[in-house]
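One structure is given here, and the rest of the page talks about it.
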Amino acid sequence: MYNIYLFDFDYTLADSERGIVMCFRHVLDTHSIEDITDEAIKRTIGLTLKDGFKVLVQSNDEDLLNQYEKEYIVKADEVMTAHTTLYKETIPMLRRLKEAGHKVGIISTKYRYRIEDTLKVYEVSHLVDLIIGREDVQEAKPSPEGILKAAEYFQANSSEILYVGDSYIDAQAGQNAGVAFAGVTTGTTTKEDFKAYPHIKIMESLDEVEG
């Protein structure tokens, strides 16, 4: 039914929860910010770094948020790839799609080079045709910009595209882009949460992606 399969990265194709928590915790500890739980940090996965810090520290101070973001990135350069693992279903699913002749892309608020590093570790870069990361768009999800850029790159119309993601932000991005969306409950968004948004399917794992 679809020719183009686009995926979010964190909590969709990969579990980078440990690395993300480590990096947030590093910044929070550096600035002696207490009483923020790991669960609260996990719920920000899918947001931009600045928006994640905005939620956690309840501040709109742009200079402060920019500083936190910079400190996070420095720490992430040290630890993120080592603490990111692809889900066991990811590689077989990507292979299945490629063998069926489909195009595959990743649309993420994570920086592209980090995603590229993980794909290189697993030696599966050849299974992904396009990566659009945070540095490639002016507006992050739920803006449709990344998905629309992918559609332009693949010269595809909206009816040819399925976007798969783990969060309500992904669902909103798919809706805003006018493409079909499938939710996967490997993140912090529940099946009930997804039901509030247009979707063709709500999955427990990537095994259920049909190509």
Side-chain angles (χ1 to χ4, degrees), residues 1-16 45-46 81 84-137 139-187 189 191 194 197-211:
M1 181 184 300
Y2 304 103
N3 297 323
I4 313 297
Y5 288 76
L6 305 177
F7 297 88
D8 175 54
F9 188 71
D10 291 324
Y11 274 157
T12 299
L13 296 177
D15 183 358
S16 48
I45 295 175
T81 300
T84 299
T85 57
L86 296 181
Y87 290 120
K88 64 181 177 64
E89 301 87 0
T90 296
I91 296 175
M93 181 271 302
L94 292 177
R95 284 182 177 146
R96 189 169 69 247
L97 292 178
K98 295 300 292 179
E99 288 170 0
H102 301 305
K103 298 295 184 182
V104 173
I106 296 173
I107 315 295
S108 177
T109 54
K110 204 177 197 76
Y111 284 96
R112 173 171 27 86
Y113 69 92
R114 290 205 199 291
I115 297 171
E116 291 171 340
D117 285 348
T118 297
L119 297 183
K120 287 174 185 175
V121 167
Y122 282 86
E123 299 182 340
V124 292
S125 300
H126 62 289
L127 298 179
V128 178
D129 301 290
L130 176 69
I131 302 172
I132 295 178
R134 181 66 186 96
E135 67 268 51
D136 300 312
V137 295
E139 295 184 11
K141 296 179 294 185
S143 164
E145 183 182 350
I147 296 173
L148 295 178
K149 278 194 169 190
E152 181 179 5
Y153 177 85
F154 290 119
Q155 297 183 324
N157 60 52
S158 59
S159 65
E160 298 177 84
I161 297 172
L162 175 66
Y163 183 52
V164 180
D166 70 278
S167 78
Y168 70 92
I169 296 169
D170 296 314
Q172 290 173 339
Q175 183 177 13
N176 292 338
V179 302
F181 173 76
V184 59
T185 57
T186 41
T189 302
K191 185 174 183 178
F194 277 130
Y197 302 93
H199 60 274
I200 64 157
K201 197 172 190 179
I202 302 172
M203 308 175 292
E204 292 185 3
S205 81
L206 295 176
D207 279 340
E208 300 176 58
V209 174
E210 299 173 359

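Here the structure is a predicted model, which means the values were calculated and not measured.
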> For D166 and T186, what are the C-alpha separation, side-chain angles and deciding distance, and is it a side chain to side chain donor-acceptor pair (under 3.5 Å)?
Replying inline: CA-CA 6 Å; D166 70 278; T186 41; over 6 Å; no
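- A donor-acceptor pair under 3.5 Å links the side-chain atoms of E160 to the main chain of N157, judged by distance alone.
- Checked by atom type and distance alone, the side chain of K98 never pairs as donor or acceptor with a backbone atom of M93 at under 3.5 Å.
- By the 30° and 60° cut-offs, the orientation of the rings of Y5 relative to F7 is parallel.
- Surrounding CD of E135 are more than 12 heavy atoms belonging to other residues, nucleotides or ligands, all under 6.0 Å away.
- Using a cut-off of 4.0 Å between Lys/Arg side-chain N and Asp/Glu carboxylate O, D170 and K141 are scored as salt-bridged.
- Going from atom OH of Y197 over to atom CD of Q172 covers 4.5 Å, rounded to the nearest 0.5 Å.
- The minimum heavy-atom distance linking A150 with I107 is given by the pair CB-CD1, 3.9 Å.
- Contact of the E116 side chain with the I131 side chain is registered, since non-hydrogen atoms from C-beta on lie closer than 4.5 Å.
- In terms of heavy-atom proximity, F194 sits nearest to V184 at CE1-O, 3.7 Å.
- In this structure, CD on E89 lies 4.5 Å from OG on S205, to the nearest 0.5 angstrom.
- Within 6.0 Å of the OH atom in Y168, the count of heavy atoms belonging to other residues, nucleotides or ligands does not exceed 12.
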> Going through the checks in order, is the side chain to side chain contact (heavy atoms under 4.5 Å, CB included) test met by R112 and D136?
Replying inline: CA-CA 8 Å; R112 173 171 27 86; D136 300 312; 2.8 Å; yes
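- Side-chain N or O atoms of N176 include one that pairs as donor or acceptor with a backbone N or O of P142 at under 3.5 Å.
- The residue from T90, T85, L86 that alone fulfils the side chain to side chain contact (heavy atoms under 4.5 Å, CB included) condition with D15 is T85.
- Summarising the local packing, CD of E204 is surrounded by 12 or fewer heavy atoms from other residues, nucleotides or ligands at distances under 6.0 Å.
- Nearest heavy atom pair, residue T109 against residue A140, reads CG2-CB, 4.0 Å.
- Side-chain atoms of K110 and S16, non-hydrogen and from C-beta on, do get closer than 4.5 Å to each other.
- You'll find the side chain of T12 reaches within 4.5 Å of the side chain of V164, heavy atoms only.
- A salt bridge links E210 to K201: one of the charged nitrogens lies within less than 4.0 Å of a carboxylate oxygen.
- Y87 is listed as a side-chain neighbour of Y11, based on a closest heavy-atom distance under 4.5 Å.
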>> Using side chain to side chain contact (heavy atoms under 4.5 Å, CB included), reason through V104 and L127 one step at a time and then give a plain yes or no.
In response: CA-CA 7 Å; V104 173; L127 298 179; over 6 Å; no
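- Distance check: L148 CG to E152 CD gives 9.0 Å after rounding to the nearest 0.5 Å.
- In plain terms, the two heavy atoms of L6 and F154 that are nearest each other are CD2-CE1, 4.1 Å.
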> Please walk me through it: do L97 and K103 pass side chain to side chain contact (heavy atoms under 4.5 Å, CB included)?
Replying inline: CA-CA 8 Å; L97 292 178; K103 298 295 184 182; over 6 Å; no
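- Ring-centre distance between H199 and F181: not below the 6.0 Å cut-off.
- Proximity of D8 to S167: side-chain heavy atoms (C-beta onward) are nowhere separated by under 4.5 Å.
- With hydrogens and angles disregarded, a donor-acceptor distance shorter than 3.5 Å links the side chain of T185 to the backbone of M203.
- Contact between T84 and A14 at its shortest, heavy atoms only, is CG2-CB, 4.0 Å.
- Atom CG in D117 sits 9.0 Å away from atom OG in S125 (nearest 0.5 Å).
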> Can you list the steps and then say if I106 with L130 is a side chain to side chain contact (heavy atoms under 4.5 Å, CB included)?
Replying inline: CA-CA 6 Å; I106 296 173; L130 176 69; over 6 Å; no
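- Between L162 and I4, the closest side-chain pair of non-hydrogen atoms is not below 4.5 Å.
- Between E99 atom CD and L94 atom CG the span is 11.0 Å, to the nearest 0.5 Å.
- Atoms CD1 and CD1, from I115 and I132 in turn, are 10.5 Å apart once rounded to the nearest 0.5 Å.
- In this structure, T118 and R114 have side chains that are not in contact, with every pair of non-hydrogen atoms separated by 4.5 Å or more.
- Of all heavy-atom pairs between H102 and D129, the closest is O-OD2, 4.3 Å.
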